[in-house]
Structure formats: structure tokens, C-alpha cells
Amino acid sequence: MKKVLLALLAIFAVTIFSVDVGIVLPTKDEPRWVQDEARFKSALNDTNYSVEVLFSQGSSAKERQNVEALLSKGIKVLIICPQDAVAAAGTVNLAKKAGVEVISYDRLVTNTNSVDYYVTFDSVEVGRAQGRFLVDHASGKNNPLYLYAGALSDNNAFLFFQGAWEVLQPKIADGTFRIINSTEAQNLKNKKNLSREETSKIINQITTDWSFTVARRKAEDNLTRARRTDKGNVFILAPNDGTARAIADAFKQDRDVKSYYVTGQDAEKASIQYIISGKQSMTVFKDVRLLVKDAINVAQFLLKGVKLITPQAYDNGSKMVPAIQSEIQVVTKDNVKKILIDSKYYKDSDFRW
Amino acid sequence: MSEYILEMKNITKEFPGVKALDKVNFKVKKGEIHCLIGENGSGKSTLMKVLSGFHKYGSYDGEIIFEGEKQQFNSIYDSEKIGIITIYQELALIPELTIYENIFLGHEIKNKGMIDWNKTTSESEKVLKKLGYELDTSKKIKDFGVGIQQIIEIAKALSKNVKLLVLDEPTSSLNETDSENLLRIVKELKKQGITSILISHKLNEILEVADTITILRDGLTIKTIENNENITENEIIKHMVGREITDIYPKRDSNIGEKLFEVKNWKAFDTKNERYVVKSANFNVKKGEIVGIAGLIGAGRTELAHSIFGNPDDYKISGELYFEGEKRNFKSTSDAIKTGIAYVSEDRKGNGLILDFDIKTNITVANLKKIIKNKMFVNENEEVIVAQDYRKSLKIKSYSIEQKVLNLSGGNQQKVSLAKWLFVSPKLLILDEPTRGIDVGAKHEIYSIMNELVKEGMSIIMISSELPEVLGMSDRVYVMSGGKITGELSKEEATQEKIMVLAVDY
Amino acid sequence: MFNEIGTLLKKNIREYGMYIALAIIMLIFSVLTNGLFLSARNISNLFNQMGYIAVLAVGMTLVIVIRHIDLSVGFGSGFLGAAAAILLMNHNVPVLPTVIIVTLLGIAMWLVIGFLVSYIGIPSFVVTLAGMMVFRGALLVSTEKSGTIIILNDTFNIIGNGYIPDFFHGEYIHITTLLIGVLIVLFYIYSDIKSRNNKMKYNFEVLSVPVFIVKLILMSSIIMYVFWILANYNGLSWTVVIVLIVTLIYHIFTTKTALGRHIYAVGGNPEAAKLSGISLNKITLFVFGSMGFLTALSGILYASRFQSATPTAGASFELDAIAAAFVGGASAAGGVGKVTNSIVGAIVMASLINGMNLIGVGISYQYIIRGAVLVAAVIFDIKTRSKAS
Amino acid sequence: MFNEIGTLLKKNIREYGMYIALAIIMLIFSVLTNGLFLSARNISNLFNQMGYIAVLAVGMTLVIVIRHIDLSVGFGSGFLGAAAAILLMNHNVPVLPTVIIVTLLGIAMWLVIGFLVSYIGIPSFVVTLAGMMVFRGALLVSTEKSGTIIILNDTFNIIGNGYIPDFFHGEYIHITTLLIGVLIVLFYIYSDIKSRNNKMKYNFEVLSVPVFIVKLILMSSIIMYVFWILANYNGLSWTVVIVLIVTLIYHIFTTKTALGRHIYAVGGNPEAAKLSGISLNKITLFVFGSMGFLTALSGILYASRFQSATPTAGASFELDAIAAAFVGGASAAGGVGKVTNSIVGAIVMASLINGMNLIGVGISYQYIIRGAVLVAAVIFDIKTRSKAS
Ligand SMILES: Nc1ncnc2c1ncn2[C@@H]1O[C@H](COP(=O)(O)OP(=O)(O)OP(=O)(O)O)[C@@H](O)[C@H]1O
Ligand SMILES: Nc1ncnc2c1ncn2[C@@H]1O[C@H](COP(=O)(O)OP(=O)(O)OP(=O)(O)O)[C@@H](O)[C@H]1O
Ligand SMILES: O[C@@H]1[C@@H](O)[C@H](O)OC[C@H]1O
Ligand SMILES: [Mg+2]
Ligand SMILES: [Mg+2]
């Protein structure tokens, strides 16, 4: 029995000896982070540093456990994408105290001096890109607009929505768009800069909880409620790819919806297929390879004891964190091949064209 | 102060749909043993639960006067505080706790707010010794049989400040020796000035120990009488059931055929508790015969019955079993049932009946295939007919066959249990304590049914701890002791003394 | 006649309690949404939204009846859905074999659970909590390679999204659906009359002719109304067809067959059932096996509805299914619980979400209200029950 | 002497089973991590990581003992943590009043749960499932305004992050911690000798002198070893101090007081307990009240540890707590379960996660292994139990 256990554990053991770089990602439940893991592993294959990737599964507590385990193993650099940007402060402080360099990955840990670098796609910019896409495809007045957001419990959902609202709001105010599914948003349609509380109110109503089930139900129920004149050619702000597909499925089934534009982000394989098949309109592609490359570059310099000077810096509430920002790209049916296949991000054979 | 330690006046207690007590008057003299008797469901236990505060003051009408003072109990705690201690029909012990914890449960010995376990242990041992028992009090209750458990209950009562001791059917699950022992203790307590109220269906015991007898029927006080030589069992029975029963054990002409059932070198090992529950058993049953199995508590009769009835407890078994001349090997209880054996459990509430289900579903559950149509579906109409037939022929008292068995009195539950097993049309019927805790009237009816059955050719094994019943009903008697069958007696040979000799033979 | 109806209602209040609760909720939402709640389209959506929970609730009812619980059905369903997706997409297995393999896999896995619960004697709460973890891990492993697995198979996807074809091509109304409704009503009337005649043959008491006719008309109208509503939208969806068939089979199974009865006997008093020749272990195995079958079905319905398998598929389905069963009056003390009522329980809980979505209640308050209604429904059930007995 | 030890072990195998399991797991991880697992720093981390689960496990043990379950403690703890954060930050309430208010709030809320369970008679599974939803909603409402609420209060934050001060300023080793260890060992030896003498006064059987001394030495070394390890890192953390105090109080409470024993009596046989004059309703209220108290404590520990209240705080804590109690040998059949063993159960489960993290086992496999170990632990427990009796 004991032998079996030992053997079993040994199989899963990646390495037990000291690790140079520890990476902590938010959750394996979202395909996005699975991609990050894969990209990290392949990128680090080319270096002679040892790494270990751990997932926090949506829990700040697990995240702390992960970091503590990595510290016990003597990492020198920590790359962390916090589950909760605020709650992670104490965790990165621990790392700093242990003399470890901290790179905040994609999401910035706030209110702490312990973050050394920040590599990111700008999350607000993601929202802006989504909003811009809808605005660009709308003509005339009174276009029906359906809004959806991520989970109320996820700060990123607020950043995405903030970006999208920034772009959409003027067009709502001038009558290009008509909000169909949120009375709260409707009430605030003349306000460009929403407070956290106001955004909360809206998201409360249009949340998908990042869940397919909730997203689809909500879309169906919104369509039930909408009058025929609220349909026709519609515009849908969907926060990410998973929810975009669920929402698109619901809209596709409605006889009165003649056409729809629906946004997304992450360039999940499943959504790329949807884009190819014309069921999803766009996705915001965050080339994880760039982010990974930046993160690893910074890490390698840090391991060698070199401090980089970066062009940008973000205020995290306690200090200006030097930052490297990667570009995001909007993927549509027209450019999908160029952006994703030609760049070897995905293989041609992964999809049915 | 009056000569009465307790007076209960005009007590009326209603449950939804039942008037359990109707203006009952009940007086107990200081220092006496007062027996309370009556048919099943006549309200004895309810009266005692009113007395103990289990049924709170306000949930009944009437008044209770104890030692000259009016009492209003809001909980059992209140009545115990002034010295009324009740041992309930349902034993109030916690299986997972030790003897000493159980004895002092609810009135722990404390020292600075903490329980003093050492004192608790030694005090427990002391009370038990007073009753003539030396036990390892750190053992859990679940390791003991009902006999010992009953003694522990009494020890629990004595460990409190007891003035009036109420015993609700303490001997119903005890055999002769243990019963006698218990009655001896009650008499002993009387000498120490403790008043007792004793509820029992065993008239012989009552006549033996009672100073006064009160009879209840249908929630009414029928009569209170002094116990003296002039009173006979028959008289009491008449008051209890409202009619005369001339012979409790009805006559029967035996018509015994060839051997139906036999076990040889039978052994059963309980792997969970690592002990033999049946060490050696050789016995047989003939067609049309009633075979009694007598013995003391813990003799292993129930285990023997289970082990032949397809072994539901998963004992390790060795030996041979023959049925209708053929050697059989039952893999499961359903095998045994299919072969023609039925077993009416001694514990109708625990494992005999499904209390939340109605009469008809309980009757058919062991043999649903008998009323299956199209090879698949239960014919519910047929089921109703079956149940109604049994209700009539066994005289089950209920307002319909759709009544939950939970709400039936003990005797009627026993009849449902019997009906359930008659419905499998067994050739061999095993009755384990068939009349435990049921009143004489119902007992008489069950005996009559047994006679009917053997007349039709069925064979019966009757496990019983009541010697009069064993002697009154059996064609042949086996005696068990310590997991062994220690002897066989024919109807003619069998006497109380001979059985007792075999029952203590190890 | 009114007297007779009165006593009838009183006698069966326990059973009608559920329906009354449902009616109240539906009424409230109808008013609050200006009738939208009861519109053809919404009712159709409602049923489709709860399909994969409803089948779980059916199986969970039996699990609860035998005094157990199953926390593993959520991620179990997610994992089995992923298994289907992998078979379909990575191994190009056709739909029917996929469905069969996944179903067998589900049964096999739950037989293991049942074995641990019955033969080994581990509390079901523990085994299925462990199962929940294991299936969650397995689901993550299955979706690790490609993230969400998208299912490109129209036949498969129609299970969770499609409607039965209308052979008559009604323009505004789905004639096949209406026809099926009529057939069901006819069958209902036929079997009710037959059972009444049968009872008369046995000389049992039966409803008087006028009351009987009132009952037939009432029930028939309700059935026809629902089918009419559905016919006014897309007709019967395959999901609804599957749920109906599962419910019907389980209803007949639990009320009319010996095995079904034995399940309730085991729940009512395991010891007594054992001494009645019923094998607890086999019944437990069977009930968990059935749970596995239905979990597989639920996984297929979900994967098909979302045309994909995701790493979080199935999260917390178990809680929805358990809530449905309890709202439907199943009792944790064992022996009590009807599959039809659990379906109604599932409809109650789904109506709640649907109704609140229509009104636009925020998610935070939705959680609070769902919790409150769950408790209220069970209190209501307990109260009507104690009155009825 | 060896004979005596042998019988001693056999008699108590049930109790030692837990410890053996823990020892095995620790051994395996030590080997697999080249000793890293048992390093001062890691052991210290391990204890701090499980603090908020450990206190929940203590309360959950009693809930399980009286045959109930509590699914609401997870989000309940999250919500109470948020309440603390709001009081501290938005209303500027000082730490002590905050802690008191939150604790009282926890008790009050759980008294409601207890009331619904006992007086109204709703199954605890249902009530607490509803509670889970309600608290989840309430947590979202509380964090709506500002998202995650940052707690900027050093006194408060020290509860979950700080270590007791070293009055002796040891350079390499935390002397106060060592001293406390020594005191505990001395107290342990003193009370064990006293209890032995007491028993001898009553003429009870006691361990022979050599065996007794062996036992004292063994236990003392284990305690000293743990304190030595902790002293080698930062010393005793406040979290550990709190968990130790809670465990001690609950241990004494459950084994030495009448109320404590009544809880076990109710769990072992409710009917009998009632006839012994114990009020089931009051015991149930008390046990849930205590659960509320500990949930509040857990919420405070968590909020303090993360110096913030997040909208997802508490998610699935209930499952961890329940798993700990079951691994620690609590029985769903009621009446059985020790708080100390549940703490060990919590350590076992936490070691598992911690150890797998150190080895670098992927999260998917972590779930699978945790599930497997949960089942294995309970099987082990069942087997040793049946052998022991
Ligand atoms: N809690 C209760 N709820 C409803 N009815 C009850 C309850 N307790 C007792 N009864 C009814 O009250 C009547 C008297 O019951 P009780 O238990 O006092 O009878 P008893 O004389 O003790 O009978 P037995 O000899 O069988 O013990 C019976 O009809 C019984 O069904
Ligand atoms: N040696 C023993 N040690 C502990 N318990 C025992 C022992 N022998 C028997 N018992 C317990 O005593 C109880 C009575 O045993 P059993 O059922 O075999 O007796 P019986 O002859 O059928 O008596 P009855 O059915 O009248 O109680 C059983 O629960 C059994 O566990
Ligand atoms: O990429 C997204 C991530 O940033 C967000 O937090 O969760 C949803 C994902 O799609
Ligand atoms: Mg009685
Ligand atoms: Mg017996």
C-alpha cells in the first residue's frame, strides 16, 4: 500500500529539488489559464531554469498555500497572477520578505510595495476593444444593445466593463444604441465615469458569473422579455469567449434576431471555431506568448541580478510599478488565419474551415 | 399528611384523534407496590408520562398531588428533582456511551463544573453492587443484552434521589430468572421505603408482588383493588378485557406428521464481535408441530433463528440444514423465504415492521411477487383484498388498511407482523417472542391463530422466555443455553423446573 | 359532489401542496412580468433550462429515499459530458455508440460508489464528496489539452437544442406537438377509466361519476394547455421529451414494480427490509447505478445543449438536484419521496431563477431569495404534511 | 511491559489509527521532498494554512455528532469576515468591539438555523443549503460597493499573520515558544500523574510504572519536537495559539462537562436522551450556536490573514471542514466523533495539499488524490474500528 502510494506520487512529481521560478495562476477552470500554463512550460524548455506552475482554483487561500510551498522550495522569482488583487498583497509581502523578486502577471497586485514588475495586457483596453468593435459595426440609430459582464466576485470583470462602457456610453447617450436588458445601465446611460458601486449595480443585473449556464439562461430570459422591435439586428457585449458562445447560441435560436454581433476575449480554440463558422463575431486575442516571454525575460534578468528599466509604470496604490505592456489584437473571421495560424499560435488542423 | 404519596385526579390526555386518558383517578399509598394493568393502548404508559412531566403540565387536564403538594411539571427534570423516577418502556440508554456515563446521564456528578469521572465510575459500581451485579462499567451499553440493560436502568434510577419509582413493563423483555431477580429488587426497595408503580402484562408477577392493583381500560379507570388471596387471574382478566377468557392457552389436537426441518452441528460465528453466537445446535421440527425454544436472555435463540433464516447478519456458519428431506444452503434471507420459512421478529418496531408505512404495504412487502401482474407490476387492487382479508381474519384493530402501523397498539402491530409472514405461505413459521409486551386478550387471539395454522399443516418454532407460554403451547421443547441446545423435552416431560435446569446448564 | 371534492382535497393535501406552491410562484411571476412568465416561449425555455437538473433530481430522489445523498453528480455529469465530447470529437465515434458508452461508463462508476457505500459501509456523504473531488480532477484532466472541447456534431447537439419535427408543417402552431398532447390525454382518460372499472370489479369505493368527470376534464385541460403553449412556440423539445420519458419510466417503476417498492421499504426501515428478504446492498447498488445512468444522461444533455465540454461543467448541479428533491417533499429520514414531485420541485426552483431573470433581479438578491424560498417550501411541506396525517 | 503496551495499543487502535495515518502521510512526503516537508518553515506554514478550517472542523464535529450537517459555514464565514471588514473600515469600530459584534452576529444567525432545524424540524441539510445561498448573496451585497474590502488595521491583521512576541529576543530560536512548549509538557506530566494517583485512590486499574513513564516520555518528546520546530522558524503564530485554545476548550467541554456529554447522548440515541431529561431542541440550538461562534472566528481568521474581505471568501470551506471531521472518525450515524481527532483530520488533509504542492503535483491530480485519500482514510477508520470492538 505504502509502496503504491509512493510510486503514485512519484509519477506526478515534476521535480522536488530547488526551483528557480515559481508561477502561480488563478484557476484551471478557465481555459485561458490552461493556455498560459502550456505557453510557460514550452517557453521555459529553452532556458536552463527550473520552474513550477501551481493553480489557485479561485481561492486566495490556496494561492497563499501555493506561494508558501514555492517559498519553501527556495524559488528566487515569483510570477503571480492573483486571484484577488487586493487579497494577494499579504501573500506577495511574504515572498518579498523571503527575498524573492515578484512579477505581477496580467493582473496587478495592489496596495503593496512588494511587486517589482508588472507584465500585462491592459484589461481596460480589452473592454475598450470590445466596445469599439460594436460601435464600428453599428450604423443608424436605436440599435438594440445587450450587455453582459463577468462575475461580480471578479475584479477583472469590472475592468472589462469599465473599458467597454467608456466607449459605448457616448453612443448610448447619442441614441446609436438602445440598452435592452438592463434597467440599471439604462438609468446611468448619461454617466461616463461610473463609480464602483454603480458598476456593481449594473453587473449584478447582467452578470454571467463567468458561467455558461448562467449566461445562456440570462440571454434566453432577456430575449423572452424583449419585444420584437428590440431584436432584428442586435449588438451584444459578451465579456469573454465561453460566455460569448453560450449567449450566441441563445440568440441564434431566436427567430426574430436577424443578425447579431457578439464580442469575446481570450481566443479560446472553441471560440475560434465559432468565429470561423460565423457564430461569434470577434475575440480579443491576448497573445499569451508575448506575456510569457516578457515575464520570463524579466525573470531571467532578475535571476542574473539585473534590474530592468521599463517604459511604463502602473500605480498600484502603494507605488509605481514598472510595467511591460503587451498589445492585444482583435480577431475576426477576416484576420483569424493571419493572426492565429500564420503566427503558429494554433495549428490549422485544429479547426474545421 | 395523607396516606397517599401520589394522587392523580381526573387526568385527561388527548392526542390528535385519540383520547388516551379520560378522567383517570389514580392513587398510590406510601411504601406500597402498586401495579397498573390494562390492555395494550389502555393508557398506562401515557398516564406515567403525564406523571413524569414528559407530557408537560398544560398538555393534559387534571391535577397531580405528590406528597400532599400540587405539582406542575414542565419536564422530566422537574419530576426527578422531587423524587419521581421513571423507567420507560422504551429503554433510555445510549448505546455508544459507557455504563457509568449512562447511569449518571442527566444528573452528572460534578466537581467545579467538570464531571468527576472517577467518582462517577465508583458510584456506578456501587449502585450496581447494591443490585447484586459486578460489571465493567467502562464498557459500552451496546455490548450488553436487554437483561443487563434493564438492570442498568434500575441502577440509573437508584443513583437519583428516588421516592417513587415507576417501572413501565420492565420484565416484558426479561426471562423468568431475570424477571424474578428484578421483582426481588423491587421488593427490596420497598423495604427501604421506596414506593413503586409497576406496569406489567404478566399477571402471575403482579399477583406475586402487588399490594394494590389498578386496572385501566380504554383510558378509563376501571377498578382499584387490594391484592389478597381472594383475587384470581381470571377475575383480573375479566376487568381488563371486559369479558371472560376461560383458558388462555386454547386446546388443540395435535396432528404431527413427518420431519420437515432439521439442523445438524449448527454453528454461527459473529465476525464483527468475534464470538460464537451459536455454538452447537441439533434440532428438528415435524409437520404440524409447535416446537418451543426456551432459554435465558443471551442464550442465542434469536441468533439461532437469524442464522437459519438465510443469515441476514452475515455470521460465519457451519453445519447442515435439511428442509423437506433435502439439504439446503440458503445464500440469503430471500432464499429461506422462497423455500418456505418465515420469521416473525421479536422486535416488531426495530426490525419487524416499517412503521411509517401503512398496514397493507407492510403485509405484502416480503412477498410482492404473489400479487404481480404481467410479470412486472404490482396489482394494487389485489393488494387491498389481501390486506383486508388479513385484517378480518386476524382481527387487526384499525380504522383502515391504509393506517400507518406506527399508530397501532403493540398487539395489533404484532398481528400485522404475523400477517406479513403468513402472506408468504410458509411451511415453517418461526415466532420469536410472539407475545412480548402484548395483553392477555391479544395473546389469547395469537395462540388461537397458531393453533389454526398447525391444524392446516404448518409447523411452528416458538422462541419464548415466558415459561407458561412454552409449556402451554408447545408439542416439544428445546432449551438453549450459552449458544447451545442443552436439551429436548417432550410435552409430557416438560416442567418449569426441568427447563430451568437445562437453561442454566453450560 | 362538492363535499366529495372537499374530502378528496383534504385527504391529498400533502400531494397537492407542491402544486399549490408552484401555482403561487407562477402566479406571482405572471403578475410581476405582465404575463410574460406564462408565455409560450418562456415556458418552453423554462423546461429546456432545467432538463439536465430534472433528470438528476429523479435519481437523487431515490438516493434520498434510501437515506443517502450524492454530492458527486455535479462534476460527475461534467466529466461524463467531457467523455462524450472526447469520444465524438477526438475519436470520431458516432453519436449512438457515444451515448451508449458514456451511459455504461456512468453506471459503472456509480456502481463503484454504490459498492463503497453498501458493501464497505462508508457514509455516502463521504464517498460522494470524494467522488466530487475525483470527478473534478478527471474533468480538468480531460479538458486540459484543449480547454473547452467544442462539439461539432449536429445530431448530438440536437438532443439539447432541437425540437421534434412537425410532420404536418403547421405554420403558426406545431401540430405534431398538439397531436402528442391529444394522444397523452386520450391515454390518460383511457387508463383512468380502466382503473376505475377495475376497482369497481373489486367492489372498492370509487369517485362518483360527476366528480370523476370533473377530475378528467380538469387534468386533461391542464395537460392540453401545456402542450398548446409549447405548440405555440417551437413545439416539444427533445429535452422535454427525454425528461418526460425518464419521469414516466421512473414513476411507473417506483410505484408499480416490486423493485421500486423494495427501494422504499429499505428507506423506511432497513432492518425490517433485510429480514423481509430484501438485500440492502443490492438495492443500494441499484439506486446508485440508476443515479449513474441519469448522471450520464444529464452530462449528455448539458454537453449537447452547450455544444461543448468545459472544465467547470456540472459545478453545483448536485445542490440544485438535491434542492429540487427536498422541495418536492423527499425526506432525509428515508422512505419518503416521489419522483414526480421532485420534477415539480425542479420546476419550482427553475421558475424562481427564470422569473427573477425576467424581472431583472440582481444576482446577489437572487441567491438570497432562492435560499429563502427553499426553506419556505420545505416548511410549507412539513406543515401541510402534519395537517394531512 | 511489552505485553502491556501491546494490549494498550490494541485497545486504543481506533484512536491511534488517525495518528498512524498522519504519520504515514508525513513520512511519505518527507521522503518525497527530501525532508523539506518537515522543515521548520513548512510545518509552521502548514499550521497557519489550516487555522480557519480547523476551527470550523471543531464545530462541525459536534454538528455531525448530533446527526446533522452544516453546508452554510463556508459562505457564512466569508460573510462574517466581510462584516468585520465593514465594521473596521467603513464604521471605524475598534478591533475588540468588532470581534465581539461579529461573533455575536454569528451566534445569532446560527441560532436561527438551529431553531429551524430543531423546533421547526427542517432537515439540517436543507436549512444550511439555503443558508449557503443566503450568505453567498449577502457576501456579494456586502462587497458590492468597493469590491474586495481592504483591511488596514494592524492589530486586526496580526490575528491571522502575526507571531507571538519573543520576550527573550532569541537570535536563532524563538525562546518564548520553547518556553511555552516546556510549560505545556510540564502541565501534561503533572495532570497525567495526578489523574493516575486519583485513579489509584479509587482502586482503579492503572498503567504500570514503567509503561506509564514510557508514555510520558513519548508524548512529551512529540510535543517538544513540534514546539522546537516552530521555535526554529518564527515561533508560535497567533493562529496556532487560537486553534490550540479552541481545541483545548472544546476538548474539555466535550469530555468533562455535563452539557458536552449530553451532546453525545443526543447523537447516540435522541429518544433515550429525551427520556433522560435532555432537551433535544436545546442541545441542537446550542450546537448550532457554537457552530456560529466558530464560523465567526473562522471568518475573522480568514479576513485577517488576507487583510481583506473578498467576494468569494469562504467558498467550499464547509467541504474541507466536513472532510476533516470525517477523516477524524466522526460518524454520520451520530454519537461518535472527537474534536481532537477532527483537528488531526484537518492536519491530514492540509498536509496532503501542502505535500503535493511541494512535490509539484498538478492541480487536476491533486483533486483526484485528495478524493482517494478521503475514501481511504475512512475505510481505514472503519476497519480499525471494527477490529477494536
Ligand atoms: N405520542 C402519541 N401520539 C399519539 N397517540 C399516542 C401517543 N402516545 C400514545 N398514544 C395513544 O394513546 C393510547 C394509549 O397508549 P399507551 O402507550 O399509554 O398505552 P399502554 O397502556 O401503555 O399500552 P401498552 O401496554 O401497549 O404499552 C394508544 O391509543 C396510543 O396509540
Ligand atoms: N457473551 C455476551 N456478551 C455480550 N453480550 C451478549 C453475550 N451473549 C449475548 N449477548 C447479547 O445479549 C442479547 C440477547 O441475546 P439473544 O438475542 O441471543 O438472546 P435470546 O435468547 O434470543 O434472548 P431474547 O431474544 O429473549 O432477548 C444480544 O443482543 C446479544 O448481543
Ligand atoms: O481572461 C479572462 C480573465 O482575465 C478573467 O479574469 O476571467 C475570465 C477570463 O476569460
Ligand atoms: Mg405502554
Ligand atoms: Mg431473542
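Values below: every heavy atom of this structure, side chains too, minus hydrogens, waters and symmetry copies.
- Contacts between D/Asn42 and chain A at a heavy-atom distance below 4.5 Å involve backbone atoms as well as side-chain atoms.
- In terms of heavy atoms, D/Thr312 sits closest to A/Gly58 at OG1-O, 4.0 Å.
- Put simply, of D/Ser146, D/Ser308, D/Ser364, D/Ala315, the one with the most heavy-atom pairs under 4.5 Å next to chain A is D/Ser146.
- Here A/Thr207 contributes atom OG1 and D/Leu140 contributes atom CG; the two are 8.5 Å apart, rounded to the nearest 0.5 Å.
- When heavy atoms are compared at a cutoff of 4.5 Å, D/Tyr302 approaches chain A solely by way of its side chain, counted from C-beta outward.
- Counting only heavy atoms from C-beta outward, the side chains of A/Lys62 and D/Ile353 approach each other to under 4.5 Å.
- A heavy-atom distance below 4.5 Å is found between the side chains of A/Asp84 and D/Pro311.
- Shortest non-hydrogen contact noted between D/Leu36 and A/Lys73 is CD2-CG, 3.6 Å.
- With rounding to the nearest 0.5 angstrom, the CD1 atom of D/Ile363 is 11.5 Å from the CG atom of A/Leu25.
- Taking 4.5 Å as the limit, every side-chain heavy atom of D/Gln307 sits out of range of all side-chain heavy atoms of A/Asn111.
- The heavy-atom pair separating D/Thr310 from A/Ser60 by the smallest distance is CG2-OG, 4.4 Å.
- Judged purely by atom type and a 3.5 angstrom limit, A/Arg64 uses its side chain to pair as donor or acceptor with the backbone of D/Arg305.
- A pairwise comparison of heavy atoms in D/Asn357 and A/Glu52 identifies O-OE2, 3.1 Å as the closest pair.
- Across A/Val53, A/Asn204, A/Asn155, the residue that shares the most heavy-atom pairs under 4.5 angstrom with chain D is A/Asn204.
- Taking the side chain to side chain donor-acceptor pair (under 3.5 Å) definition, one finds that D/Lys145 meets it with nothing, sequence neighbours left out.
- Looking at A/Thr91, only its side chain comes within 4.5 Å of chain D, counting heavy atoms on both sides.
- Taking chain D as the reference chain and counting heavy-atom pairs below 4.5 Å, the highest number among A/Leu71, A/Ile203, A/Thr110 is found for A/Leu71.
- Shown here for A/Gln65 and D/Gln49, the closest heavy-atom pair between the two residues is CG-CD, 3.3 Å.
- Under a cut-off of 6.0 angstrom, the local environment of CG in A/Asn45 is crowded, with over 12 non-hydrogen atoms contributed by other residues, nucleotides or ligands.
- Applying the 6.0 Å contact sphere to CG of D/Asp154 captures no more than 12 heavy atoms from other residues, nucleotides or ligands.
- Neither the backbone nor the side chain of D/Phe317 comes within contact range of chain A; no heavy atom of the residue lies under 4.5 Å from a heavy atom of that chain.
- Residues A/Ala61 and D/Tyr52 come closest through the heavy atom pair CB-OH, 2.8 Å.
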